[in-house]
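In what follows, a structure is listed as structure tokens, so that the remarks can point back to it.
No hydrogens, no waters, no symmetry mates; every other heavy atom, side chains included, goes into these values.
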Amino acid sequence: MSTPTPFASVKLPAALVDKARDAAQPMRRSVASQIEYWATLGRALEQAGLSTQDSQALIAREEGGRYTVAGAPPPALSPELDALHGHVLALAQSGALAERAKMAVAENRDKAQPRPRSRRAA
């Protein structure tokens with residue numbers, strides 16, 4: 001019986017991997033660490049109550065309107081998301097966001113490490 005590894009392989013669109021590679025270089029991250037960083041941010045936003053509409057608006061803004069109706073303006077962000085966006089930008093500029101993300105990635109890796117098997121007393 002094989003022991004499960006703490007990591008899994010997944011297929012991702014090449015365009016996403018290319019974007020991650022471009023974003024990872026200035027931050028001296030690997031592509032996998034960059035994608036993990038993005039996933040951690042996305043999970044944090046969902047846990048903070050990001051609405052479906054705000055999520056779609058953010059994706060449309062990031063993808064250049066890919067998810068909008070042809071000819072329609074991109075959906076507006078809610079005032080709450082605009083405020084959150086400002087807060088996230090301030091955290092990014094101060095370096096606190098990168099520090100928090102490093103901590104979250106380290107915690108995720110610690111959780112993914114296989115736990116030593118305890119031996120039963122004979």
Side-chain angles (χ1 to χ4, degrees):
M1 185 181 221
S2 65
T3 310
T5 63
F7 298 97
S9 295
V10 296
K11 290 184 180 184
L12 298 170
L16 175 64
V17 174
D18 290 341
K19 287 179 183 180
R21 184 174 291 111
D22 292 342
Q25 289 177 350
M27 302 304 290
R28 298 179 185 236
R29 293 185 185 121
S30 68
V31 173
S33 291
Q34 183 64 40
I35 292 171
E36 185 177 3
Y37 173 77
W38 285 342
T40 300
L41 287 175
R43 188 173 61 237
L45 286 171
E46 283 183 345
Q47 290 173 351
L50 183 69
S51 72
T52 302
Q53 293 81 10
D54 281 341
S55 174
Q56 290 170 344
L58 282 173
I59 292 169
R61 184 180 282 184
E62 173 63 24
E63 297 295 323
R66 182 170 142 199
Y67 295 102
T68 60
V69 176
L77 301 179
S78 69
E80 295 85 5
L81 188 56
D82 272 335
L84 178 61
H85 183 255
H87 180 68
V88 169
L89 286 178
L91 286 173
Q93 290 171 348
S94 73
L97 184 61
E99 213 37 57
R100 289 181 188 179
K102 283 181 192 177
M103 289 172 36
V105 168
E107 288 174 11
N108 288 342
R109 287 194 177 139
D110 288 345
K111 290 177 186 174
Q113 296 299 321
R115 306 231 188 265
R117 296 178 123 183
S118 61
R119 296 183 182 206
R120 292 184 181 180

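Met103 and Met27 fall into different hydrophobic clusters, defined by Ile, Leu, Val, Met, Phe, Trp and Tyr side-chain heavy atoms under 4.5 Å apart, directly or through other members. Residue Val31 is grouped with residue Leu16 when hydrophobic side chains (ILVMFWY) are merged at heavy-atom distances under 4.5 angstrom, including chains of intermediate members.
When all heavy atoms are compared, the tightest approach of Ala24 to Ser30 is CB-O, 3.7 Å. In terms of heavy-atom proximity, Ala23 sits nearest to Trp38 at CB-CZ2, 3.6 Å.
A salt bridge is defined here as a Lys NZ or Arg NE, NH1 or NH2 lying under 4.0 Å from an Asp or Glu carboxylate O, and Asp18 with Arg21 meets this definition.
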